[in-house]
Amino acid sequence: MLGWHDARPPVPHSGEQQRYRRLQQKLARQHKHSANYRKTLAAMRRIKRREHDRRADFLSWTANRIATRHGVVVLEELLTRNMTRSAKGTLERPGTNVAQKAGLNRIILDKGWYAFELALGNMARKTGGRILKVPAPYTSQRCSACRAVDPASRENQAVYRCTTCGHEENADVNAAKNILADGLSASACGDLGVTRSAKQESAGNREELPLQPALELAGIPQL
């Protein structure tokens, strides 16, 4: 099983971040459309392009590992476009916590959730796997052991402690188990739409894999 240290997503290098901020400050002092302005802008774009390329390589590598090792992958159905909408509001109804929301939007977009979903779907079509999607509500508030739902059980971003049965574990691990269970249960009952590749590999070319959470790459144990 791959550990989280083997699949840690790329993050912008601290040196690149500092250089990018310096270039932003430099750009603000330069005359727009001047030669120096264009040079600075090109340097900023090169930094962002390197970040994009590293992210794309990581997502492709991770999608390949998951799709080739697992016959069924269950994803939480996230509407990324809605989640990353601006909180500025309008002149009549200005938004609140705009700066905090903008920071959260950047974090979500940097993770490349939608791009990962696309990469995983493309790889699943090649391997003949299945991609299942489950609704997001309550997956982080429900106990994976006793199924009780209580927002108070999610103590913080990292800790889940069930107020009903006392079950305790990493909050993301608990949510991932719920997502997997919901997807497999609904698929077995025929209540969930299943994305499946029309291009299937022969049984001799593909090993039959047990149903395990796709987030095993993040160190989530087998159920």
Side-chain angles (χ1 to χ4, degrees), residues 1-12 50-81 83-84 107-140 142 144 157-158 160 169-223:
M1 180 179 74
L2 291 178
W4 177 239
H5 61 282
D6 297 315
R8 186 175 296 277
V11 295
R50 286 196 294 269
E51 290 181 11
H52 176 273
D53 290 344
R54 287 197 300 268
R55 185 184 305 110
D57 288 343
F58 169 79
L59 295 179
S60 177
W61 178 88
T62 305
N64 179 282
R65 285 295 187 93
I66 290 176
T68 55
R69 294 185 177 199
H70 304 280
V72 175
V73 179
V74 183
L75 301 176
E76 188 176 26
E77 192 168 15
L78 299 174
L79 301 178
T80 309
R81 178 176 296 180
M83 296 172 65
T84 55
I107 292 174
I108 293 175
L109 294 173
D110 283 344
K111 298 299 182 183
W113 291 348
Y114 182 66
F116 174 69
E117 182 181 330
L118 292 179
L120 191 58
N122 290 334
M123 189 55 60
R125 281 192 288 273
K126 296 179 181 179
T127 62
R130 292 188 297 165
I131 306 295
L132 311 180
K133 293 184 181 181
V134 300
Y138 306 113
T139 53
S140 63
R142 187 170 69 245
S144 61
Q157 190 66 26
Y160 183 92
E169 67 179 334
N170 180 276
D172 289 334
V173 173
N174 179 76
K177 290 181 179 180
N178 288 329
I179 293 168
L180 176 67
D182 288 352
L184 298 182
S185 176
S187 177
C189 297
D191 297 331
L192 190 67
V194 178
T195 303
R196 185 173 186 134
S197 170
K199 180 181 178 182
Q200 300 288 342
E201 294 186 4
S202 64
N205 294 334
R206 179 180 173 84
E207 179 184 359
E208 187 64 27
L209 296 176
L211 301 181
Q212 300 176 22
L215 289 180
E216 185 182 23
L217 280 172
I220 296 176
Q222 179 177 341
L223 298 181

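Atoms considered below: every heavy atom in the structure, side chains included; atoms not considered: hydrogens, waters and symmetry mates.
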Considering residues at least two apart in sequence or located in another chain, which fulfil the side chain to side chain contact (heavy atoms under 4.5 Å, CB included) criterion with N170? D172, V173
Can you measure from OH (Y160) to CG (N178) and round to the nearest 0.5 angstrom? 7.0 Å
Pairwise distance NE2(H70) to CZ(R65) - rounded to 0.5 angstrom: 10.5 Å
Roughly how far apart are R69 CZ and T127 OG1, rounded to 0.5 Å? 13.5 Å
In Å and rounded to the nearest 0.5 Å, what is the CG to CZ distance from D57 to R55? 11.0 Å
Taking all non-hydrogen atoms of both residues into account, name the closest pair between Q157 and A171 and its distance. O-CB, 3.7 Å
Measure the shortest side-chain to side-chain distance between I66 and F116 over non-hydrogen atoms and say whether it is less than 4.5 angstrom. yes
Determine the minimum heavy-atom distance between A175 and S140, stating which atoms define it. CB-CA, 4.1 Å
List the atom of A67, the atom of A124, and the distance in Å for their closest heavy-atom pair. CB-N, 4.1 Å
Taking every non-hydrogen atom, the tightest pair across L75 and I131: CD1-CG2, 3.8 Å
Side-chain touch L120/T62, heavy atoms, less than 4.5 angstrom: no
I'd like to know if the side chain of N174 reaches the main chain of R142, judged simply by a donor and an acceptor atom lying under 3.5 Å from each other, with no hydrogens or angles considered. yes
Is T139 reaching over with its side chain to a backbone N or O of A136, donor-acceptor style, under 3.5 angstrom? yes
Indicate the atoms forming the closest heavy-atom contact of G183 with V74, along with that distance. CA-CG1, 3.9 Å
